[in-house]
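One structure is given here, and the rest of the page talks about it.
Source: prediction; values computed, not measured. Along the sequence shown, residues are numbered consecutively beginning with 1. No hydrogens, no waters, no symmetry mates; every other heavy atom, side chains included, goes into these values.
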Amino acid sequence: MSAATVEQHARAHLVTDAADDQPLPVELSYDPQSDPDSVRVSLPGVPGSPQRHDWIFRRALLEEGLRAPADSGDVRIWPCGRVQAVMEFHSREGVTVVQFDSSALIRFLRRTYMATGPITH
């Protein structure tokens with residue numbers, strides 16, 4: 001049985017000092033055929049950066065970041081209270097910080113494990 005690609009749409013909130021708190025549509029994806037250890041987070045263009053950004057990082061980083069602060073190069077993830085998580089993305093254009101409901105990220109992780117099983121490193 002071949003593993004299937006997992007895609008999930010989620011809503012996040014861009015963390016800024018602006019009063020406008022519109023939800024940000026984010027796409028989470030996992031393709032075990034191309035890279036079984038990594039996930040992708042796709043952010044639409046945000047103020048100051050109108051183009052879409054794709055961030056690829058280890059699936060284990062996402063899992064670790066839901067329990068305690070974790071980072072790997074340009075991506076940092078940490079829990080924020082009991083029901084939210086924050087992702088911080090660094091690029092040449094600056095830093096983008098988004099806040100998710102942890103339940104959406106946990107649901108996505110579960111779907112990736114159902115597609116291929118847990119990491120065994």
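Using a 4.5 Å heavy-atom threshold, the side chains of M87 and V41 count as touching. In this structure, P25 and H9 have side chains that are not in contact, with every pair of non-hydrogen atoms separated by 4.5 Å or more. By the 4.5 Å heavy-atom criterion applied to side chains, S34 and D31 are counted as neighbours. Residues V86 and V97 form a side-chain contact, since some pair of their non-hydrogen atoms from C-beta on lies under 4.5 Å apart. Looking only at side-chain heavy atoms (C-beta outward), F108 and V6 come within less than 4.5 Å of each other. W78 is not listed as a side-chain neighbour of L66, based on a closest heavy-atom distance of 4.5 Å or more. The side-chain heavy atoms of T112 and R59, taken from C-beta on, include a pair separated by under 4.5 Å. The closest side-chain heavy-atom distance from L61 to V75 is below 4.5 Å.
Between R58 and D37 no salt bridge is recorded (no basic side-chain N to carboxylate O distance below 4.0 Å).
Across all non-hydrogen atoms, the minimal contact from A4 to A115 is O-CB, 3.8 Å.
Pairs of residues two or more places apart, or lying in two chains, that qualify as salt bridge (charged side-chain N to carboxylate O under 4.0 Å, His left out) and include a residue from residues 66-81 are E63-R67, R76-E88.
In terms of the side-chain contact (heavy atoms from CB on, under 4.5 Å) criterion, residue partners of Q84 (sequence neighbours excluded) are, by chain and number, C80, Q99, D101. Every residue was checked against the ring-ring contact (aromatic ring centres under 6.0 Å, His included) condition with F57, not counting sequence neighbours, and none meets it.
Tracing side-chain contacts under 4.5 Å through hydrophobic residues (I, L, V, M, F, W, Y), one never reaches I56 starting from L62; they form parts of separate clusters.
A donor-acceptor pair shorter than 3.5 Å can be found between the side chains of S42 and R52. Between the side chains of S38 and Y30, no donor N or O sits under 3.5 Å from an acceptor N or O.
With L43 as the fixed residue, the side chain to side chain contact (heavy atoms under 4.5 Å, CB included) test singles out one of D54, T96, L14: T96.
Remark: T5 OG1 to R111 CZ distance equals 10.5 Å, nearest 0.5 Å.
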Check: Going through the checks in order, is the side chain to side chain contact (heavy atoms under 4.5 Å, CB included) test met by R107 and Q8?
Finding: CA-CA 9 Å; R107 188 170 43 254; Q8 179 175 314; 4.0 Å; yes
Notebook entry, point to check: So W55 and V39, side chain to side chain contact (heavy atoms under 4.5 Å, CB included) or not? Walk me through it.
Noted result: CA-CA 8 Å; W55 298 90; V39 295; over 6 Å; no
